[in-house]
Amino acid sequence: MLDRAIEPFPAGRTLWRMAPGNRSRLLVGVMIVALGACQRGQIDEAISTTRETAPAAAVRKDITADAAETQVPEALAGIETLVFEAVNRERAAANVSRLSASVEMQTIARLHSHNMVAQAFFSHTDQANRSPFDRMRAYYPDLRWCAAGENIAYNYGDSPARVAENLMTAWLRSPGHRANMLNPRFRYMGVGVVEADGAYYATQNFYAGCD
């Protein structure tokens, strides 16, 4: 069973406003409008599960077929690193163990961010009707996990540091997304960021093995 943390704020409510000249603004709530109508940053509901569901009867997906989608420019990789480090600073402040980088989670996160841009959607459920956990099983069927989660967002910024700051501010001000980032059960994380027309689409994927 999935444990969904749905935001208690109405869609379109502005939680904070940056200084003039900064285009970033967060709109929270479950997204109910088309991407083309969105003018500012947004986050979707946080999604997590604390136990692995039954394995899907899926054929192993060849990750190498998506090699182009798993590579990002240096500037975007820099945003990913800044977000990763910021999450671990928040965990340290909350006396929660540090997350380790996961190539598997980064690959899944980058692919999902890429697909959201390429296929014009914004959701944890992709155009193949797969949840984050379905994607984990499809891309890495041999990976054993007993806790997993995903955060997604898109936002703006005029520098890698500002983009990372805006993404983190959005997630931290949302109880469900913050809970994923500070979940003491999670041990590994990957971040994937893709840019399209000045907007930065970001995915965080988390998991813990079955110790």
Side-chain angles (χ1 to χ4, degrees), residues 2 11 23-48 56 58-84 101-141 143 148-160 162-164 166-168 170-171 177 180 189-207:
L2 301 183
R23 301 166 54 198
S24 177
R25 186 174 66 186
L26 169 67
L27 305 180
V28 300
V30 177
M31 185 174 179
I32 57 174
V33 293
L35 278 177
C38 295
Q39 302 300 316
R40 293 294 184 267
Q42 190 149 2
I43 58 176
D44 198 9
E45 60 182 295
I47 186 170
S48 65
V59 177
R60 178 191 292 268
K61 181 173 178 59
D62 182 7
I63 283 288
T64 60
D66 301 300
E69 287 80 10
T70 62
Q71 304 300 314
V72 300
E74 183 176 347
L76 296 182
I79 296 171
E80 294 171 349
T81 298
L82 289 170
V83 169
F84 187 92
S102 166
V103 172
E104 294 89 350
M105 294 299 99
Q106 183 179 62
T107 298
I108 292 170
R110 284 180 172 179
L111 285 171
H112 190 57
S113 292
H114 171 85
N115 287 339
M116 285 194 291
V117 170
Q119 299 176 29
F121 72 99
F122 183 72
S123 174
H124 294 285
T125 302
D126 63 25
Q127 300 301 77
N129 201 35
R130 298 179 304 184
S131 72
F133 319 114
D134 294 330
R135 289 190 290 274
M136 289 177 67
R137 288 189 290 267
Y139 288 119
Y140 294 103
L143 185 68
E150 179 175 274
N151 288 342
I152 62 173
Y154 75 91
N155 220 305
Y156 299 83
D158 54 11
S159 69
R162 181 58 61 86
V163 173
N166 290 342
L167 289 168
M168 285 298 299
W171 280 322
H177 299 81
N180 268 350
M189 176 185 174
V191 182
V193 178
V194 174
E195 185 271 337
D197 298 324
Y200 295 82
Y201 292 74
T203 304
Q204 295 175 324
N205 284 105
F206 311 85
Y207 90 96

Please name the pair of heavy atoms, one in Ala101 and one in Phe84, separated by the smallest distance, quoted to 0.1 Å. N-CZ, 3.5 Å

Does a side-chain heavy-atom distance below 4.5 Å link Met116 with Thr203? yes

Counterpart residues, side-chain hydrogen bond (donor to acceptor under 3.5 Å, both in side chains), relative to Glu195 (two or more places apart): none

Stepwise side-chain contact (heavy atoms from CB on, under 4.5 Å) test for Met136 and Met105: CA-CA 8 Å; Met136 289 177 67; Met105 294 299 99; 3.8 Å; yes

Go through the steps to decide whether Ile152 and Phe122 satisfy the test side-chain contact (heavy atoms from CB on, under 4.5 Å), and finish with yes or no. CA-CA 8 Å; Ile152 62 173; Phe122 183 72; 4.1 Å; yes

Tyr156 vs Val163, side-chain contact (heavy atoms from CB on, under 4.5 Å): CA-CA, chis, key distance, verdict: CA-CA 6 Å; Tyr156 299 83; Val163 173; over 6 Å; no

Quick check: do Arg137 and Arg130 have side-chain heavy atoms less than 4.5 Å from each other? no

Heavy-atom closest pair, residues His112 and Ser123: NE2-O, 2.8 Å

Heavy-atom nearest pair, Ala202 first then Ser113, reads C-OG, 3.6 Å

Measure across Leu76 and Val194 and return the closest heavy-atom pair with its distance rounded to 0.1 Å. CD1-CA, 4.0 Å

Indicate yes or no: at least one non-hydrogen side-chain atom of Phe121 is less than 4.5 angstrom from one of Asp126. yes

Could you check whether the rings of Tyr201 and Tyr154 sit parallel, tilted or perpendicular, using 30° and 60° as the cut-offs? parallel

Quick one: closest heavy-atom pair of Asn166 and Gly157, and the distance? ND2-CA, 4.1 Å

Tightest non-hydrogen contact, residues Ala153 and Leu167, listed as CB-CD2, 4.0 Å

Partner set under ring pair (Phe, Tyr, Trp, His ring centres under 6.0 Å) for Tyr200, not counting sequence neighbours: none

Tell me, do Phe206 and Glu150 make a side-chain contact under 4.5 Å, heavy atoms counted? no

Are the side chains of Val191 and Met189 in contact, using a 4.5 Å heavy-atom criterion? yes

Measuring from atom CZ of Phe133 to atom CD1 of Ile108, what distance do you get when rounded to the nearest 0.5 angstrom? 11.0 Å

Contacts of Glu80 meeting side-chain hydrogen bond (donor to acceptor under 3.5 Å, both in side chains) (sequence neighbours excluded), chain-then-number -> Gln106, Arg110

Side chains of Asn151 and Asn180: donor-acceptor distance under 3.5 Å anywhere? yes

I'd like to know if the side chain of Thr125 pairs up with that of Ser131 as donor and acceptor (distance under 3.5 Å, no hydrogens or angles considered). no

